[in-house]
Amino acid sequence: MVIYVAPKPKEMKDDFWKSKDIKISIGEIEENEGAKSVEEIPSGPTPKPSITDLRSWDMKLLDRYEPFYAPFCDMCCLCTFGKCDLNGKKGACGIDAAAQQARTVLLASCIGSACHSGHSRHLVDHLIHEFGADHPIDMGMNIDIEAPIMMTVLGKTPKNLGDLKEALDYLEEQMIHLLSACHTGQEGKSIDFESKALHAGLMDNLGMEIGDIAQIAALNLPKGDEDAPLVELGVGTIQTEKPVILCIGHNVLPGAGIMDYMDETGQEEDLEVCGICCAAIDISRYNNRAKVVGPMSKQLKFVRSGVADVIVVDEQCVRTDVLEEAQAKNTAVLATTDKICLGLPDLTDEDADKVVSKLVNKEIEGALILDPEKLGEIAVKTANILSPERANMKMLPDLDEIQKLAAECTECGWCQRVCPNSQPMMEAVTGAATGDFTGFENLYLTDVCYTCGRCEQECERELPLMSMLAKVGERLSKEEKFTIRAGRGPAQDVEIRKVGAPLVLGDIPGVIAFVGCSNYPEGGKEVAEMAKEFLERNYIVLTTGCGAMSIGEYKDEEGKTLYEQYSGDFDARGLVNMGSCVSNSHVVGATIKVANIFAKKPLEGNFEEIADYILNRVGACGVAWGAYSQKAAAIATGVNRWGIPVVLGPHGSKYRRLYLGRADKKESWKIKDLRTGEVLEGEPAPEHLLYAAETREEALPMIAKLCIRPTDTAKGRQIKLNNYLDLYKRYFGRLAPDVHLFIRNEKDIPITYKKDVQKVLEEVGWEPRKIAQEPSLMGMDGD
Amino acid sequence: MSNDRVIPWQPTVIAGPKQALMVTPETAELMIRKSKRPLFVLGPLVKEEPLLSLAVGIAEKWDLPVVTTGNAYKAFNEKGLDSTAYGAVEIVNLLKDPEWKGVNGEGQHDLVIFLGCIYYLASQGLSSLKHFAPHLKTLTICKFFHSNADASFPNMKDEEWLKYLAKMAGQ
């Protein structure tokens with residue numbers, strides 16, 4: 001029997017049917033709204049695109065948003081011809097400075113993409129081993145489009161874990177070709193290195209989606225649940241009198257193994273399991289008793305605090321000297337993936353109790369345990385034994401000792417010069433020498449110190465500056481008790497259906513995603529402040545990873561975190577923690593779903609049309625205020641290829657390449673109206689694709705501006721401009737001087753700024769222009 | 001360290017063999033005098049006194065067109081200094097285009113003087129201009145040595161730096 005399902009919105013917002021174990025058999029469904037279908041859907045033009053298949057789209061983007069290069073290094077040091085100085089010269093292989101920068105960005109994007117994809121490959125293989133290849137990819141009743149990136153890029157919807165292997169096979173093939181292009185004597189033009197970097201970014205986005213839907217489906221993480229539980233966040237939430245296991249990294253499996261072992265042995269209340277970086281987020285998605293210490297900026301000071309009895313490292317963003325640091329505190333270290341082995345013996349196949357015995361008797365420095373289940377047992381047993389005997393290791397030198405150490409400072413100032421964030425460490429030390437610890441307190445509390453430890457490496461008196469910081473912060477850390485909403489995973493289709501029209505028309509002024517790492521210029525509080533600003537202005541605010549933690553670390557006057565003040569709905573004024581790094585795929589996924597669910601654009605193998613739609617119609621903007629990693633570079637580059645602009649903090653300039661538009665070049669902004677076929681004068685919307693702002697005050701109006709899109713209705717444009725002009729006026733004290741560029745006709749002028757704007761329009765000789773009904777970069781210049 | 005004044009303030013920004021020339025206020029003034037179309041770029045680190053007044057003094061003494069970066073515009077505007085606001089990366093992007101007509105529409109600038117941008121961001125911008133803007137020279141008058149500039153003040157303590165700036169402002 002074939003039933004045709006009428007395309008009406010689903011009302012079901014929970015898993016009621018599943019919870020009642022009600023099964024309805026209606027035979028094979030031939031057609032459904034949205035994109036899910038058992039029937040083979042005709043594929044678009046670029047299923048499984050090769051490196052060159054999307055090159056024409058890349059050239060359109062790069063023509064409008066030209067790469068801006070800021071070399072970190074004048075030289076190339078990759079082959080034995082070198083070093084070659086590329087400052088005004090070509091290298092021995094013929095490469096110039098622009099191509100070398102683009103090549104470095106491609107390399108960084110490949111590294112970042114490989115991290116996510118290697119992580120995903122590990123997850124998929126393990127989960128297939130545990131649950132079987134036919135374990136269904138079921139994202140719950142409210143999500144039909146389970147894998148929007150995969151559908152668009154591969155042209156297929158994965159039905160089960162086994163299907164994800166095909167996606168990984170494709171991705172890995174692409175990555176080999178991309179990485180090979182970095183070799184000396186391969187690609188020669190910066191613009192083609194860029195196209196390849198964009199492809200590497202797309203592979204990164206695909207890899208992230210594979211990983212997250214695999215773990216959501218198999219480990220039953222929240223499936224787009226807007227009411228995902230609040231989880232404890234902050235150093236102060238950890239009960240240090242219990243045995244403490246700290247997980248650092250990104251892979252959920254070791255942490256899940258620990259939680260499972262504790263549950264199975266009835267020890268769920270007996271130990272504390274906490275995490276730093278995305279492992280913390282994903283373990284708390286798996287089991288909300290796990291606690292989140294915070295972003296990676298906490299890493300060294302927390303390890304130095306000695307609170308952890310066992311440190312479990314998995315992959316990505318783990319300090320490479322973690323073993324040395326842990327040994328100084330008699331903390332046991334367990335490595336758990338092939339990415340980080342730390343020189344430790346592989347004892348995966350050894351009896352768990354024997355491994356525990358070797359660890360607690362210091363026969364081994366640590367162990368590599370590649371089986372998450374066994375790891376859980378070893379970690380718990382080791383922590384139970386070590387905890388009582390380590391009680392004195394959880395104490396840092398007292399403040400008198402800190403004062404004595406500080407008195408040894410020679411005031412050479414090099415601690416500040418090598419600080420990546422130019423923080424006043426020397427002042428903190430000289431203050432401490434007199435018994436004034438406020439300098440250290442400021443560095444501790446605001447996270448302007450990344451605890452990288454470069455200051456300590458440079459100190460001519462070898463002062464243990466990070467330990468001193470940890471000690472001064474010890475008292476303050478007890479107050480660090482916050483909440484974070486557990487990562488909910490993707491937006492539900494039903495939510496997209498609700499916000500699709502207001503988002504594309506501009507009534508909801510935009511979707512802003514605060515993502516990335518914690519290399520903040522002025523501390524994490526800025527991220528929370530920016531998020532609050534846009535929540536109050538009715539934007540949909542998404543977040544992931546360290547950004548999500550930073551948002552949770554600040555409370556209002558009533559002592560509430562933003563997660564307690566705003567709902568987790570994917571809607572205006574919703575604060576949506578999507579999850580970890582790999583959950584960034586759902587930020588892109590949500591914009592793809594808008595194109596599919598609201599605009600009925602087919603996804604399968606249809607990348608260019610979807611990206612063109614997102615660029616011109618979906619007012620989304622990413623903000624990676626503290627981005628530091630190659631992964632963040634890959635994510636942003638992939639997101640850019642989908643047509644989503646990204647604003648970085650000032651450290652982002654060190655990525656060497658941005659994509660900047662030129663508002664002063666009118667011809668850059670011409671646009672085709674697909675409805676009429678006319679090529680029209682356009683507007684710089686969005687003006688830049690990858691931008692680095694110097695200050696929060698500069699970033700805020702820029703973010704609002706980057707949400708403007710050519711399809712805004714007059715009402716939507718007024719709302720967006722009102723936000724842009726408000727923020728610009730607040731921080732610059734005047735009307736934004738480029739406002740005339742975004743006024744298509746007088747209906748676009750925000751009422752509150754009408755007189756001021758009209759005056760500007762007169763001054764610049766403004767004239768109204770046609771509005772493209774279906775703006776597109778396609779079909780121009782002989783396409 | 002004997003050459004401490006000309007090791008980049010953040011020592012790891014050393015990019016290659018080409019290093020900036022260390023200059024005094026006198027040499028900096030000579031560069032401005034020789035320039036036909038100079039530009040003064042002021043960042044958010046000098047938007048408070050006494051640096052604000054010194055920066056305004058320099059702009060006025062040498063009649064320099066001014067670009068403000070980050071959120072520096074408001075403070076300088078309130079101080080009565082007319083400037084054009086750009087993001088630091090935006091102005092560098094414009095400066096590297098030989099066809100750009102400059103902030104006053106009179107042609108691309110031939111000398112850019114930087115003061116008060118975040119060190120590492122300025123270093124990246126200066127690197128961009130070093131590589132891709134052979135048509136102009138860069139001068140930094142921050143209290144930090146910038147090896148990616150063509151010419152830079154040395155690393156200094158505040159007291160010496162304020163004297164340098166006061167000298168350039170004719171105070």
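Since the structure is predicted, the reported quantities are computational estimates derived from the model, not experimental observations. These numbers come from the heavy atoms of this one structure, side chains and all, not from hydrogens, waters or symmetry mates. Below, chain A is the first sequence line, B the second, and so on; all start at residue 1.
- When the shell of 6.0 Å around CD of B:E49 is examined, it contains more than 12 heavy atoms from other residues, nucleotides or ligands.
- Counting heavy atoms from C-beta on, the side chains of B:V92 and A:F68 come closer than 4.5 Å.
- Between B:P17 and A:M75, the closest side-chain pair of non-hydrogen atoms falls below 4.5 Å.
- Annotation: side chain of B:Y119 is not in contact with side chain of A:P650 (no heavy-atom distance under 4.5 Å).
- At a 4.5 Å heavy-atom cutoff, the contact between A:R454 and chain B is made by side-chain atoms alone.
- In terms of modelled atom types and a separation under 3.5 Å, the side chain of A:E694 and the main chain of B:I118 share a donor-acceptor contact.
- Under the 4.5 Å side-chain criterion, counting only non-hydrogen atoms from C-beta, A:H688 is not in contact with B:V89.
- Contacts of B:T12 with chain A are made by side-chain atoms alone, with heavy-atom separations under 4.5 Å and no backbone atom involved.
- Distance CH2/A:W414 to CG/B:D4: 5.5 Å, rounded to 0.5 Å.
- Put simply, the side chain of B:K101 does not reach to within 4.5 Å of the side chain of A:D664, judged on heavy atoms.
- Rounding to the nearest 0.5 angstrom, the gap separating the NE2 atom in B:H131 from the CD atom in A:Q101 is 6.5 Å.
- For A:A699, no part lies near chain B; criterion is any non-hydrogen pair under 4.5 Å.
- Atom CH2 in B:W9 sits 6.0 Å away from atom CD in A:Q416 (nearest 0.5 Å).
- Aromatic ring pairs are classed by plane angle as parallel below 30°, tilted from 30° to 60° and perpendicular above 60°; the pair B:Y120 and A:H651 is parallel.
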For this session: Could you go through the side chain to side chain contact (heavy atoms under 4.5 Å, CB included) check for B:E90 and A:E687 one step at a time?
Result: CA-CA 11 Å; B:E90 285 179 315; A:E687 184 174 350; 3.6 Å; yes

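- Under the 4.0 Å criterion applied to side-chain N and carboxylate O atoms, A:R662 and B:D97 are assigned as salt-bridge partners.
- Here the side chain of B:S127 pairs no donor or acceptor atom with the backbone of A:F72 at under 3.5 angstrom.
- Looking at B:P8, only its backbone comes within 4.5 Å of chain A, counting heavy atoms on both sides.
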